[in-house]
Every structure is written in C-alpha cells, then in structure tokens.
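Read the numbers this way: they start at 1 and go in the same order the structure lists the ligands and their atoms.
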Amino acid sequence: AALRPVDAPLAGRHVLVTSGPTHEPIDPVRYIANRSSGAQGAAIGAALLRLGARVTFVTGPASAAPPEGATVVAVETAAEMLAAVEAALPADAAIFAAAVADWRVETAQARKIKKQAGALPGLSLAENPDILARVAGMAVGRPGLVVGFAAETDDVIAHATAKRARKGCDWIVANDVSPETGIMGGTENAVTLITEDGAETWPRMAKRAVAERLADRLAAALAAKDG
Ligand code: CTP
Ligand code: CA
C-alpha cells in the first residue's frame, strides 16, 4: 500500500459521509423532516479532509455549511440520498451521519392541498430505504469500514448495540439526544462508540473534537486493515 505521511494518514483514501436531515414532500409547500443541523456530519467531513482524505459529502437540507474541500452532493429526499450514495461508491469507508426520514408520503401531491373545514388530508406513508443497511449489506463493493449513528432518547447503548447488529455496520456512534441534553442543535456531543469489541463511552466534548477522534480512529482502523 501507499506510504502515508503521519499528518495525512488518510491520503489516497475516499470517504463518503452522509449528513443533515432529509425532507419528504407532502405537496409543493409542506414536508416531513427530522431535526438535524448537520453540524456533526460537517465536522466529521472537515476532520477527514484534514487527515488527507478525499471526501464525498452527501447532504440533505442542513443549516450547517458543508466542509470546504469536499465534493458536495446536495439532496432533498431519502430516495435521492440513496441514489447519490450509490453513485459516489466505491469508498474506503462510509460514515452515515444523516438523520434520514423513516417515512415518506406515498404520493406527494403536485398541487397544494387546501385546508377544508372538518376534513383531514389522511396522509398515507411508505417506508424509506435504509441507506446504511443497504451499503453495509453490499455483497460486492462494500466500503471497508461502515459507520452508522444512533440517535436515541432511551436505553442508548442497548438500542445502539441492537442497531449495529440489525444493520450489519462495523461501528455505531450512539448518542442521547433527549431534549434535556441540549445535543440536538448544540455545539457539543456525548457519544458511545460501539464496535465489535464492545461499547466505549467518550466524555462530552465539542462536536469538532468528536469528529477528530472519530477520524483518527477511522484512519487507524483502515491502516490496520491493509496498511
Ligand atoms: N439511516 C439510513 N437510512 C435510513 C434510516 C437511517 O441510512 N432510512 C442511518 C442513519 O444515517 C444512521 C443509522 O441509520 O446512521 C441509524 O438511524 P436511526 O434513525 O437511529 O435508525 P433506525 O433504524 O431508523 O431506527 P429508529 O429511528 O427506529 O431508532
Ligand atoms: Ca430512524
């Protein structure tokens, strides 16, 4: 394998990052969404770039600016995000930090739905594709390291450990996003990294610091895999 300078341990590596929420249209003026600023995903993209990686950053409509120097692919819906992710592969590693809407409206209306007294629109929902599970389950061309996130409000480690097994990813970065933590929309994060070796809880720190630690770990894991 290529020799990599110590300050650029990800030189020559391609890393895919998903970030931000997705928006699922109901009609031209309304949508279903998730609460996500995209701050943690953007910080991860920036940390990977600082380590010398080539980064493809697939982002939903986020308030955080995408990392400078990444190849940015802006999408709106989960279906578009899946297509953008598939188009961006192959990658040496993929980090799924996006808050993807679990459901879309089965048939988005082309015209604005008008409010009618006493009548509710009765939206019928369809399940969105699970982008992380799709990529983690690829028989051919699976990235060497697949990392998911698990934003939980209860039994964080138990839910995240089950999620890692269910989705077939290598690592899960779990966090407690209960409103009282202030993590959603804030500048800090408190995460537990779940790997094949178990759960490792990191102290609460800036999202930028979480991103740097994760990028360092990813570089070490890729180096251990194939030098
Ligand atoms: N994810 C994804 N595509 C989806 C849903 C989730 O790629 N349609 C990814 C997220 O980016 C994250 C991980 O899967 O990395 C976990 O997302 P989460 O919403 O916590 O998991 P779900 O399986 O949707 O379970 P639930 O929302 O019920 O907790
Ligand atoms: Ca979900």
Between the side chains of Glu152 and Asn175, is a donor N or O closer than 3.5 angstrom to an acceptor N or O?
-> no
Does Pro129 approach ligand 1 within less than 4.0 angstrom via side chain, backbone, both or neither, non-hydrogen atoms only?
-> backbone
Please write down residue, atom name and distance for the protein heavy atom closest to atom 3 (N) of ligand 1.
-> Ile131 N, 3.0 Å
So is Val100 polar-close to ligand 1, meaning N/O to N/O under 3.5 Å?
-> no
For Asp102, the atoms of ligand 1 under 4.0 Å from one of its heavy atoms are 5 (C), 24 (O), 27 (O)
Between Asp27 and Arg30, is there a side-chain N and carboxylate O pair less than 4.0 Å apart?
-> yes
Considering distance alone, does some N or O of Ala97 sit under 3.5 Å from an N or O of ligand 1?
-> no
Does a side chain donor of either Thr56 or His14 reach within less than 3.5 Å of an acceptor in the other side chain?
-> yes
For atom CZ of Arg35, is the number of surrounding heavy atoms from other residues, nucleotides or ligands below 6.0 Å larger than 12?
-> no
Does an N or O from Gly148, backbone or side chain, lie closer than 3.5 Å to an N or O of ligand 1?
-> no
Protein contact to atom 15 (O) of ligand 1 [nearest heavy atom, distance to 0.1 Å] = Phe96 O, 2.6 Å
For atom 1 (N) of ligand 1, which protein heavy atom lies nearest, and how many Å away is it?
-> Asp130 OD1, 3.9 Å
Are any of the heavy atoms in Arg166 under 4.0 Å away from ligand 1?
-> yes
Does any donor atom in the side chain of Gln109 or Thr107 lie under 3.5 Å from an acceptor atom in the other side chain?
-> no
Any N/O pair Ala98/ligand 1 closer than 3.5 Å = yes
Run the numbers for me: atoms of ligand 1, each under 4.0 Å from some heavy atom of Leu132, listed by number.
-> 2 (C), 7 (O), 9 (C), 13 (C), 14 (O), 15 (O)
Taking only non-hydrogen atoms of Lys167 and a 4.0 Å limit, the atoms of ligand 1 in range are 6 (C), 13 (C), 14 (O), 16 (C), 21 (O), 22 (P), 23 (O)
Determine if the distance from atom 27 (O) of ligand 1 to the closest protein heavy atom is below 4.0 Å.
-> yes
Can any side-chain N or O of Asp130 pair as donor or acceptor with the backbone N or O of Leu132 at less than 3.5 Å?
-> yes
Is Arg50 paired with Asp216 through a side-chain N to carboxylate O contact shorter than 4.0 Å?
-> no
Distance-only side-chain donor-acceptor flag, Asp176 / Ser178, under 3.5 Å = yes
Search all heavy atoms of Ala97 against all heavy atoms of Gly41 and return the closest pair with its distance.
-> CB-CA, 4.0 Å
Kindly confirm or rule out an N or O of Lys163 lying under 3.5 angstrom from an N or O of ligand 1.
-> yes
Before signing off on this row, confirm whether Ala150 and ligand 1 have an N or O atom pair separated by under 3.5 Å.
-> no
Looking only at protein heavy atoms, what sits closest to atom 17 (O) of ligand 1 is Phe149 O, 3.8 Å
Thr201-Thr192 side chain donor-acceptor pair, cut-off 3.5 Å | yes
